[in-house]
There are 2 protein chains.
Amino acid sequence: MALNDTDVTDAALAILDEYGLADLTMRRLADSLGVRAGALYWHVSNKQTLLAGLVTVILDGLEEPAGPWRAGLAGWADALRSRLLAHRDSADLVATMRAIGMAATDLADGPAACLTGAGLEPERAGLGARTLVHFVIGHVNEEQQRVQLGPLAGEDAPPVPSGAEDFRAGVGLLLDGIAAQFP
Amino acid sequence: MALNDTDVTDAALAILDEYGLADLTMRRLADSLGVRAGALYWHVSNKQTLLAGLVTVILDGLEEPAGPWRAGLAGWADALRSRLLAHRDSADLVATMRAIGMAATDLADGPAACLTGAGLEPERAGLGARTLVHFVIGHVNEEQQRVQLGPLAGEDAPPVPSGAEDFRAGVGLLLDGIAAQFP
DNA sequence: ACCTGAACACCGTTCAAGT
DNA sequence: ACCTGAACACCGTTCAAGT
């Protein structure tokens, strides 16, 4: 029975979750599908668009921020963090794809629209939105990296409290900064 | 005349500046030094510590923030941005090395100390400092990526104003948020 | 002490040829 | 339509052997 395109994406996501981004190679993915590496290129044009597809799946169903801007953005940031934490190395993956420019529908668009809707001028809204997205991705990236390094590093781990409360505090700090931008 | 260890670092930095991080391979570095790839391992234990050495050089001489916290952090952020902008892909490089855990003297320590010195409790100071570092690296990363993609993308580039003024506005937003953390 | 030659175990990607 | 076999042009790293 022949492979279909979603089989490939699903298998790639499984490898990502179990072995991490560094071990997600085309050859390994082919192995897990019982096929030779070259066969993958019938279903996907190259590795980069495959990874972009993973990002789409990971972020699928993330709703735009709604309601009063402050609570809306806080909830949206929480939801984004949850989706990222659900898949190993996803923050790293998303950061890489954003850097390459493949953001498809850019993550910051929703928050930016939320802020302009609340009366902030577009430039400041865009800045606040991008800063928020940076923070979420950066924070989750640290959280996910710590999981990988945790077993290695001894009890002398860096004094980074982290976790959900640290995240919320950081978001609160940012929202305070954004609040100060309003006229 | 035999190679010494700083020759290797210097040549690596030259390749980084001219061809970017993706093209900085051990084999290419060896070529530029007129030597075979294996020879590099006499001078450097592996590629990762070589890259860590580059980060050290790039950040060398960056002074800790001084004076009143707000102006001190703003100036420090500017100085960090300048050092990063001086070398191609340096923000990507620094972000990668921080993620790996090799931060040597962590960038956020200086700002954190500045904030605790100004009377902020250590947890909030650490959070504010890390958020600031995230922002600087993330922002410069975007600036440097845009340079690479600029020639490819047409005039329909994303509406990201960026540059020095955008950077300063972002830092200002963050500092407002930090100010709100003070008791 | 410093480097070469040659290998090992990998990569992503292409493409004729098979079914 | 879908896949194999085999190649191309690479990687980082090791290590005997040379000088």
Side-chain angles (χ1 to χ4, degrees), chain A residues 1-56 88-89 92-97 99-102 148-149 152, chain B residues 1-16 18-56 88-89 92-93 95-97 99-102 148-149 152:
Chain A
M1 43 192 148
L3 247 49
N4 66 48
D5 302 17
T6 40
D7 286 342
V8 177
T9 302
D10 288 352
L13 201 58
I15 292 182
L16 181 70
D17 284 342
E18 201 164 355
Y19 304 101
L21 187 57
D23 284 355
L24 176 50
T25 71
M26 296 301 271
R27 295 177 125 95
R28 185 160 182 150
L29 174 58
D31 272 7
S32 87
L33 289 164
V35 98
R36 300 312 198 88
L40 295 176
Y41 291 84
W42 182 264
H43 298 98
V44 80
S45 51
N46 53 40
K47 186 176 181 180
Q48 197 151 135
T49 67
L50 170 69
L51 295 182
L54 291 187
V55 171
T56 302
R88 174 137 101 148
D89 290 346
D92 189 2
L93 175 62
V94 170
T96 304
M97 299 315 286
I100 305 296
M102 295 206 63
Q148 252 93 59
L149 296 179
L152 303 179
Chain B
M1 43 194 148
L3 247 47
N4 65 50
D5 303 18
T6 40
D7 285 343
V8 176
T9 302
D10 288 352
L13 200 58
I15 291 182
L16 181 71
E18 200 163 355
Y19 303 100
L21 188 56
D23 284 354
L24 177 49
T25 70
M26 296 301 272
R27 295 176 125 95
R28 187 162 179 145
L29 174 58
D31 272 8
S32 87
L33 288 164
V35 99
R36 300 312 199 85
L40 296 176
Y41 291 84
W42 182 263
H43 297 99
V44 80
S45 50
N46 52 41
K47 186 177 181 179
Q48 198 152 134
T49 66
L50 170 69
L51 295 181
L54 290 188
V55 170
T56 301
R88 175 141 110 154
D89 290 346
D92 189 2
L93 175 62
T96 303
M97 299 314 287
I100 305 297
M102 296 206 63
Q148 251 92 61
L149 296 179
L152 302 179

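Within every chain, numbering begins at 1; the chains are lettered A, B, ... in the order of the sequence lines, protein sequences first and strands thereafter.
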* D:dC3 P sits how many Å from A:D31 CG, rounded? -> 15 Å

* Return no unless some side-chain N or O of A:W42 is found under 4.0 Å from OP1 or OP2 of D:dC3. => no

* Structure fact -> Heavy atoms of B:G20 and B:D89 approach each other most closely as CA-OD2, 3.3 Å

* To do: Determine the minimum heavy-atom distance between A:I15 and A:L29, stating which atoms define it.
  => CD1-CA, 3.6 Å

* Pairwise P distance, C:dA9 and D:dA9 [rounded to whole Å] -> 23 Å

* Structure fact -> Residues A:R88 and A:E18: closest non-hydrogen pair is NH2-O, 3.1 Å

* Asked: Between atom CG of B:L40 and atom CG of B:L50, what is the distance when rounded to the nearest 0.5 Å?
  -> 8.0 Å

* Could you tell me whether the phosphate oxygens of C:dA1, OP1 or OP2, come under 4.0 Å of any side-chain nitrogen or oxygen in B:H43? => no

For a quick test of your reading: what N or O donor-acceptor pairs under 3.5 Å do the side chains of residues 3-11 of chain A make, sequence neighbours left out?
unit_1 : atom_1 : unit_2 : atom_2 : d
A:N4   : OD1    : A:T6   : N      : 3.1
A:N4   : OD1    : A:T6   : OG1    : 2.7
A:N4   : OD1    : A:D7   : N      : 3.0
A:D7   : OD2    : A:N4   : N      : 3.2

* **Shortest non-hydrogen separation from A:A22 to A:T25 and the atoms involved** => O-CG2, 4.1 Å

* What stems, by residue range, does DNA chain D take part in, given at least 3 consecutive Watson-Crick or G-U pairs under 3.5 Å? -> C:4-8 with D:12-16, C:12-16 with D:4-8

* Asked: At what distance, to the nearest 0.5 angstrom, does CG of B:L51 lie from CG of B:L93?
  -> 5.5 Å

* Nearest whole angstrom, please: distance from the P of C:dC10 to the CG of A:L29. => 17 Å

* Asked: Which atoms form the tightest heavy-atom contact between A:M97 and A:V55, and what is the distance?
  -> CG-CG2, 3.7 Å

* **Annotated protein contacts, base or backbone, on nucleotides 11-19 of chain C with a non-hydrogen cut-off under 4.0 Å, one of B, S, - each** => BBBB-----

* Residue-phosphate contact under 4.0 Å: A:R36 side-chain N/O, D:dC3 OP1/OP2 -> no

* Give the rounded distance in Å between these two atoms: CG of B:L33 and P of C:dC3. => 9 Å

